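My structure is below; once you've seen it, I'll send some questions.
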Protein chains: 2
Amino acid sequence: MKLLSRIEEMVLLSILKLEDNAYGVTIRRLISEVTGKRWSIGAIYVPLERLEHKGFVESYTGEPTEMRGGRAKRMYKVTREGFKALEEIKRLHKALWESTSDWALDKGESK
Amino acid sequence: MKLLSRIEEMVLLSILKLEDNAYGVTIRRLISEVTGKRWSIGAIYVPLERLEHKGFVESYTGEPTEMRGGRAKRMYKVTREGFKALEEIKRLHKALWESTSDWALDKGESK
DNA sequence: CTATATCTTCTAAAATATAGAACAATTGAC
DNA sequence: GTCAATTGTTCTATATTTTAGAAGATATAG
């Protein structure tokens, strides 16, 4: 199985963090906050669709009965497969960074 | 500045870990080990070249005076810019995973 | 019905990832 | 010298992903 890409990882984690309020707009906002960068609409929705197609997230139509205008939300949640993919990334990240990170990055700073 | 991609991150960290023995073949081997997957030649060299073009790594021709056949190695080291990019990823990862990771992943496991 | 607010879908272009054939350079055997 | 074996890189083409934002959809308020 292929590894999650950076944006896929961020989208999945954002959905987890947003709990019952995870949909395109809030996911995009959260990712913008955490990265400090601007993200276009497509930069979020396209990977989101791909994640659904791969079975890493599921979506359902959000409650339309809220006192607000606008189109219905498409809400997302992470599937068990999505969790597994995240676990794999977590393991990989640990293996990659464990020994290297501190001393090596310090060395770089003081160069 | 754009975030490092997954493979760029892995290549940079591999170079750090390999210290004075970082070149195409060893980088590829290390990434294969840590991911448990097969990586083609191009899957390593292409990002490696891009990292050099962006100034995140520098290369030099390896010592040719070793008792062995074969073409000269192109050795790599991470530049200060490369370190900075890694630091950014490290911060991002921390922000993304800190609160979410444990309880959320556990919830997933027990679903 | 019109204006406004929210949100998603669609589409195209740019950038990256991925595979592996081809090429290059060095050693040792004869 | 030159042939085979070894080691490693460069080249190049295709597939996939990223990224941007226009267009479209739907709900409310007046």
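Computed from a prediction, not measured in an experiment: that's the story for all the values here. Atoms considered below: every heavy atom in the structure, side chains included; atoms not considered: hydrogens, waters and symmetry mates. Note on naming: letters A, B, ... go to the chains in the order of the sequence lines (proteins, then strands), and numbering restarts at 1 for each one.
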Let me know the distance between CG of A/Leu4 and P of D/dT18, rounded to the nearest Å.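 Taking CG of A/Leu4 and P of D/dT18, I get 10 Å after rounding.
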Rounded to whole Å, how long is the line connecting atom CG of B/Asn21 with atom C1' of D/dG8?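 In whole Å, D/dG8 C1' and B/Asn21 CG are 13 Å from each other.
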Is B/Arg74 close enough to D/dT10 that one of its side-chain N or O atoms is under 4.0 Å from OP1 or OP2 there?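 For D/dT10, OP1 or OP2 has a side-chain N or O of B/Arg74 closer than 4.0 Å.
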Whole-Å distance between D/dT10 P and B/His53 NE2?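 One finds 15 Å between P of D/dT10 and NE2 of B/His53, rounded.
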Close residues, residues 23-37 of chain B, relative to DNA chain D [heavy-atom separation under 4.0 Å]: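 Going residue by residue through residues 23-37 of chain B, the ones with a heavy atom under 4.0 Å of DNA chain D turn out to be B/Tyr23, B/Gly24, B/Val25.
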Within the 3.5 Å criterion, strictly below it, is a donor on B/Ser59 or B/Arg74 matched to an acceptor on the partner's side chain?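 Note: B/Ser59 and B/Arg74 side chains meet the donor-acceptor criterion.
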Any chance you could list the contact pattern along nucleotides 13-19 of chain C? Use B for base contacts, S for sugar-phosphate-only contacts and - for none, protein heavy atoms under 4.0 Å, 5' to 3'. --SSSBB
Hey, mind stepping through A/Arg6 and B/Glu9 against salt bridge (charged side-chain N to carboxylate O under 4.0 Å, His left out) and telling me if it holds? CA-CA 10 Å; A/Arg6 181 85 54 204; B/Glu9 175 188 355; 2.6 Å; yes
List in chain and number order the residues that pass side-chain hydrogen bond (donor to acceptor under 3.5 Å, both in side chains) with B/Arg28, two or more places apart in sequence or in another chain; answer none if no residue qualifies.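 If we apply the side-chain hydrogen bond (donor to acceptor under 3.5 Å, both in side chains) test to B/Arg28, skipping adjacent residues, there are no hits.
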Closest-nucleotide 5' rank along DNA chain D - winner of B/Arg71 and A/Arg71: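 Its nucleotide being nearer the 5' end, the pick is B/Arg71.
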Do the side chains of B/Lys84 and B/Glu81 get close enough for a salt bridge, i.e. N-O under 4.0 angstrom?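 The answer is yes: the pair qualifies as a salt bridge.
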Using the test salt bridge (charged side-chain N to carboxylate O under 4.0 Å, His left out), find all partners of B/Glu49 that sit at least two apart in sequence or belong to another chain.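 B/Glu49 satisfies salt bridge (charged side-chain N to carboxylate O under 4.0 Å, His left out) with no residue once adjacent residues are dropped.
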Taking it one step at a time, do B/Glu88 and B/Arg91 satisfy salt bridge (charged side-chain N to carboxylate O under 4.0 Å, His left out)? CA-CA 5 Å; B/Glu88 181 176 19; B/Arg91 271 196 303 279; 5.5 Å; no
With sequence neighbours excluded, tell me which residues meet side-chain hydrogen bond (donor to acceptor under 3.5 Å, both in side chains) with B/Glu33.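 side-chain hydrogen bond (donor to acceptor under 3.5 Å, both in side chains) check on B/Glu33 returns nothing, list empty.
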Test of understanding: with salt bridge (charged side-chain N to carboxylate O under 4.0 Å, His left out), list the residues that count as partners of A/Arg50, not counting sequence neighbours.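 A/Arg50: salt bridge (charged side-chain N to carboxylate O under 4.0 Å, His left out) contacts with A/Glu8.
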